[in-house]
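Atoms within a ligand are numbered from 1 in the order they appear, just like the ligands themselves. Everything numeric in this text was worked out from a predicted model, so none of it was measured.
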Amino acid sequence: MPVSPPRAWVEINTLSLKHNLEFAREVSGCELMAVVKAGAYGHGLEAISRVLESCNVAFLGVANIGEARRIRNAGVQTPIYLLGATWEKEREEIVARDIVPCISTIVEAKSFHEIAKRLGVCLTVHLAVDTGMGRGGFLPDDLVEKLDELSKLDGLRIEGIASHLSSSDEDESFTLQQIANFDGTVKKLGGIDAFKWRHLSNSGGILGYENHCCNLARPGLMIYGVSPIPGFQEKLRTVMSLKSRVTLVRTVPAGHSISYGRTFVTTQPTRVATVGIGYGDGYPRHVSGKNAEVWIRGKRHPIIGRVTMDQIIIRLPDDSDIECGDEVELFGANISADEIAKLADTIVWELFTGITPRVERLYI
Ligand SMILES: *Cc1c(COP(=O)(O)O)cnc(C)c1O
């Protein structure tokens, strides 16, 4: 049976990913935990993890044990760190696979300790401190108080301490407060020598702030080519381009309505192209009516009418030479993902992770 090319696909440039990773290493002055949660932000968990392993990152950061399992099953050996709190039924596999969790409570610590003792192993863990994210971790004073008790759990090897910035791309004074709070907490717990790894910064923290107590940084978005704060975009290279093809080109008459709900009606005979991508691929329906543009044959062209599940309609100039089969860039090197995310009233993180499985991932 012949196999047709994909309708919609993303091209992922792994050289750009490597470039961005080295930039993160350089600006942070730290070793890296490359964050690959949510299928490496939609870029493909296994493929991206393999590339990052070849770049010698210290850790891969994941959201859950299912992602860790997939990375191990792909043959990747790099240490894996779990970025959030865990619940009971996840813990045995975490210990058995030697995944590094971050600990938020004494209950969690004791549970991991008991499983490790039962399996006859010692589990490496990091302690999480909540300096203002409010999602997990010990409150700073609590941790200082409980360190002795934690240190007695000999099924655990405490190798790191971590916190997370809530507003590194929005609120400088609060971010500085979080950094100072983390530094202070590390000091109270015995200083930098007490922990092999100290880490706090996401992409915004790496690009916008200095942090002398840390020796590990956790870049996510920036390695995928997008800066969450102004001034650094030109230092990063585009990794993901979302593409599709023109499937139909026609001229429709004046007074002709376009797409669901008839939000666009032509005022004159209009050349239109139909493109084979929609919200079923993760192209956001919320850009409907916002004059979002696509890139065809070296020029921008506007979407008219609503984004449908599998197709969108583009307005073309009357003399357009665009034809069926032409490649269309929805975002990438020419139309930034950030531009589309803003038109969709969302953030690039959501745009990337929303690209659905039917979109083929092609690695360059
Ligand atoms: C997602 C995440 C990161 C990466 O954040 P970016 O803003 O994408 O760089 C870092 N640390 C933690 C704890 C996270 O959950």
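Remark: side-chain polar atoms of Thr86 are not paired, donor with acceptor, to backbone N or O of Arg91 under 3.5 angstrom.
By the ring pair (Phe, Tyr, Trp, His ring centres under 6.0 Å) test, His43 is found to be paired with Tyr224, Phe352, residues two or more places apart in sequence or in another chain being considered.
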Just distance, no hydrogens or angles: give the donor-acceptor pairs under 3.5 Å from side chains in residues 25-35, sequence neighbours left out.
unit_1 : atom_1 : unit_2 : atom_2 : d
Arg25  : NE     : Glu22  : OE1    : 2.9
Arg25  : NH2    : Glu22  : OE2    : 3.3
Arg25  : NH2    : Cys55  : O      : 2.6
Ser28  : OG     : Ala24  : O      : 2.7
Ser28  : OG     : Arg25  : O      : 3.4
Ser28  : OG     : Cys30  : N      : 3.1

* CA sep, side-chain torsions, deciding dist, call: Trp295, Phe331, ring-ring contact (aromatic ring centres under 6.0 Å, His included) -> CA-CA 8 Å; Trp295 186 262; Phe331 61 74; over 10 Å; no
Short N or O contacts of ligand 1 with protein, under 3.5 Å, listed by atom name?
unit_1   : atom_1 : unit_2 : atom_2 : d
ligand 1 : 7 (O)  : Trp349 : NE1    : 3.4
ligand 1 : 8 (O)  : Tyr41  : OH     : 2.6
ligand 1 : 8 (O)  : Leu221 : N      : 2.8
ligand 1 : 8 (O)  : Trp349 : NE1    : 2.8
ligand 1 : 9 (O)  : Ser203 : N      : 2.8
ligand 1 : 9 (O)  : Ser203 : OG     : 2.5
ligand 1 : 9 (O)  : Gly220 : N      : 2.8
ligand 1 : 9 (O)  : Leu221 : N      : 3.4
ligand 1 : 11 (N) : Arg218 : NE     : 2.8
ligand 1 : 11 (N) : Arg218 : NH2    : 3.4
ligand 1 : 15 (O) : Lys37  : NZ     : 2.7
ligand 1 : 15 (O) : Arg135 : NH2    : 3.0

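Residues Ile12 and Val76 fall within the same hydrophobic cluster, defined by Ile, Leu, Val, Met, Phe, Trp and Tyr side chains chained together at heavy-atom separations under 4.5 Å.
Within the structure, the salt bridge (Lys or Arg N to Asp or Glu O under 4.0 Å) test picks out no pair touching residues 192-214 (sequence neighbours left out).
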